[in-house]
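Shown next, in structure tokens, is the structure this report addresses.
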Amino acid sequence: MTTPPSSRPDCTQTQVKRVRGGAIAPAAETDFVAEETPVALEFNGISHATMLATPADLEDFAVGFALSEGIIDGVNDVRGIDLLPQCDGIVIQLEISSACEVRLKTRRRAMAGRTGCGLCGVETLPEVLRPVAPVTNGSPVRIQSVLAAMRDMRARQALHDITGATHAAGWAGADGGVALVREDVGRHNALDKLVGALARQAMHASDGIVLVSSRASFEMVQKTAAAGVAVLAAVSAPTALAIRLAEDANVSLVGFLRNDDATLYSHPDRLIP
């Protein structure tokens with residue numbers, strides 16, 4: 001059963017006036033808009049990054065971000081997660097293994113004093129373009145399964161249906177059946193939430209499909225490869241850098257996936273009739 005909009009923490013109601021046929025309606029109506037909240041991530045007390053995110057599935061978000069950024073190697077490196085609401089946002093405190101903390105501190109010392117590039121809390125360009133290990137698995141997947149999975153994910157975007165303001169990331173099995181969907185105002189955040197959910201639920205994601213309701217940027221390929229998934233399907237276009245990374249990371253990149261159409265950009269042999 002879908003949660004009524006009035007009781008959801010990820011959206012709020014507001015009064016709007018509609019314009020229809022070029023005319024402004026005289027009466028105001030109630031509408032629902034997606035929430036966007038500052039979320040700060042701390043690892044063993046070390047403040048690492050602050051993003052604007054939809055305040056739902058934040059434990060998944062924290063674990064997925066840590067995995068995608070290489071802060072932890074697996075979900076077992078997380079010893080605990082606490083969410084601390086504050087007047088201006090939410091602080092997520094993660095307790096991680098000592099080895100991961102040492103690595104994080106070493107990385108931060110290496111970055112000290114360098115000029116930031118302004119990309120989501122990452123302080124240097126090499127951190128953005130860090131290498132990703134190629135995906136070593138990836139069985140053939142029927143293109144019809146990919147097309148069906150995208151249609152299925154769209155039908156499961158409850159917050160988008162209410163607000164029209166969010167992206168989604170989903171995971172489907174090789175048969176096209178969608179098992180998980182996560183939503184957020186940020187496309188990167190939605191994918192981090194999905195990666196975290198896959199890890200926390202110990203799902204065998206490698207032979208499945210990652211689906212995103214956005215374009216396929218370099219970071220989206222990077223996060224998909226970090227999750228060990230060999231197929232990334234996007235509603236919109238990829239960038240040239242994303243295609244190059246997908247080639248190097250052994251990820252089949254599918255773009256412009258709409259209705260029964262799609263474009264295969266990398267490793268097309270993995271997609272079969």
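As the structure is a computational prediction, the values presented were derived from the model and not from experiment. FYI, the numbering just counts along the sequence from 1.
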**Request:** Using atom types as modelled and distance alone, determine if a side-chain donor or acceptor of Arg270 lies under 3.5 Å from a backbone N or O of Pro140.
**Result:**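 Looks like no, no N/O pair under 3.5 Å.
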**Prompt:** With distance as the sole test, does Glu183 use its side chain to make a donor-acceptor pair with the main-chain N or O of Leu159 at under 3.5 Å?
**Reply:**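 Checked: pair present.
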**Prompt:** Checking side chain to side chain contact (heavy atoms under 4.5 Å, CB included) against Thr224, which of Ile209, Leu191, Val135, Leu245 comes through?
**Reply:**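 Looking at Ile209, Leu191, Val135, Leu245, the match for Thr224 under the side chain to side chain contact (heavy atoms under 4.5 Å, CB included) is Leu191.
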Between [atom1] of [X] and [atom2] of [Y], what distance do you get to the nearest 0.5 Å?
{"X": "Glu95", "Y": "Glu101", "atom1": "CD", "atom2": "CD", "answer": "9.5 Å"}
{"X": "Asp77", "Y": "Ile96", "atom1": "CG", "atom2": "CD1", "answer": "8.0 Å"}
{"X": "Ile90", "Y": "Leu41", "atom1": "CD1", "atom2": "CG", "answer": "11.0 Å"}
{"X": "Ser98", "Y": "Asn44", "atom1": "OG", "atom2": "CG", "answer": "7.5 Å"}
{"X": "Leu83", "Y": "Leu58", "atom1": "CG", "atom2": "CG", "answer": "6.0 Å"}
{"X": "Ser266", "Y": "Ile243", "atom1": "OG", "atom2": "CD1", "answer": "7.5 Å"}

**Prompt:** How about Gln15 and Thr30: does a side-chain donor come under 3.5 Å of a side-chain acceptor?
**Reply:**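 Short answer, yes.
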Should [X] and [Y] count as side-chain neighbours, where that means a heavy-atom distance under 4.5 Å?
{"X": "Glu42", "Y": "Val91", "answer": "yes"}
{"X": "Val185", "Y": "Leu52", "answer": "no"}
{"X": "Ile92", "Y": "Phe61", "answer": "yes"}
{"X": "Arg18", "Y": "Asp31", "answer": "yes"}
{"X": "Met51", "Y": "Val39", "answer": "no"}
{"X": "Arg187", "Y": "Ser217", "answer": "yes"}
{"X": "Asp192", "Y": "Asp184", "answer": "no"}
{"X": "Thr12", "Y": "Val33", "answer": "yes"}

Shared hydrophobic cluster for [X] and [Y] (ILVMFWY, side-chain gaps under 4.5 Å):
{"X": "Leu257", "Y": "Val229", "answer": "no"}
{"X": "Val210", "Y": "Val141", "answer": "no"}
{"X": "Leu198", "Y": "Val75", "answer": "yes"}
{"X": "Val212", "Y": "Val181", "answer": "no"}
{"X": "Val231", "Y": "Met150", "answer": "yes"}

Could you report the tightest heavy-atom contact between [X] and [Y], atom names first, then the distance?
{"X": "Ser214", "Y": "Ala234", "result": "O-CB, 3.4 Å"}
{"X": "Lys193", "Y": "Ala56", "result": "NZ-O, 2.7 Å"}
{"X": "Lys17", "Y": "Ala27", "result": "CG-O, 4.3 Å"}
{"X": "Cys11", "Y": "Thr163", "result": "CB-CG2, 3.8 Å"}
{"X": "Phe218", "Y": "Ala242", "result": "N-CB, 3.6 Å"}
{"X": "Phe256", "Y": "Ala237", "result": "CZ-CB, 3.3 Å"}

Is any NZ, NE, NH1 or NH2 atom of the basic residue among [X] and [Y] found under 4.0 Å from an Asp or Glu carboxylate oxygen of the other?
{"X": "Asp161", "Y": "Arg156", "result": "no"}
{"X": "Lys223", "Y": "Glu219", "result": "no"}
{"X": "Asp73", "Y": "Arg103", "result": "yes"}

**Request:** Please lay out, stage by stage, how Leu94 and Ile71 fare under the test side-chain contact (heavy atoms from CB on, under 4.5 Å).
**Result:** CA-CA 11 Å; Leu94 288 90; Ile71 295 170; over 6 Å; no
**Asked** According to the side-chain hydrogen bond (donor to acceptor under 3.5 Å, both in side chains) rule, which pairs have a member within residues 195-207, sequence neighbours left out?
**Response**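 Counting only pairs at least two positions apart or across chains, the side-chain hydrogen bond (donor to acceptor under 3.5 Å, both in side chains) contacts touching residues 195-207 are Asp60-Arg200, Asn137-Ser206, Ser139-Asp207.
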**Asked** Tell me the salt bridge (charged side-chain N to carboxylate O under 4.0 Å, His left out) pairs involving residues 238-266, sequence neighbours left out?
**Response**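 Salt bridge (charged side-chain N to carboxylate O under 4.0 Å, His left out) check on residues 238-266 returns Arg151-Asp260.
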**Request:** Take Val235 and Arg154 through the side-chain contact (heavy atoms from CB on, under 4.5 Å) test and state the conclusion after the steps.
**Result:** CA-CA 10 Å; Val235 166; Arg154 178 61 191 92; over 6 Å; no
**Request:** Kindly write out the residues that satisfy ring pair (Phe, Tyr, Trp, His ring centres under 6.0 Å) with Phe43, not counting sequence neighbours, or none if the list is empty.
**Result:**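 In terms of ring pair (Phe, Tyr, Trp, His ring centres under 6.0 Å), with neighbours along the sequence ignored, Phe43 is linked to His48.
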**Request:** Check the pair His167, Ser213 against side chain to side chain donor-acceptor pair (under 3.5 Å), reporting the backbone distance first and the verdict last.
**Result:** CA-CA 6 Å; His167 281 295; Ser213 66; 3.2 Å; yes
**Prompt:** What's the verdict on side chain to side chain donor-acceptor pair (under 3.5 Å) for Asp10 and Thr54, showing C-alpha distance, side-chain angles and the deciding distance?
**Reply:** CA-CA 6 Å; Asp10 48 12; Thr54 300; over 6 Å; no
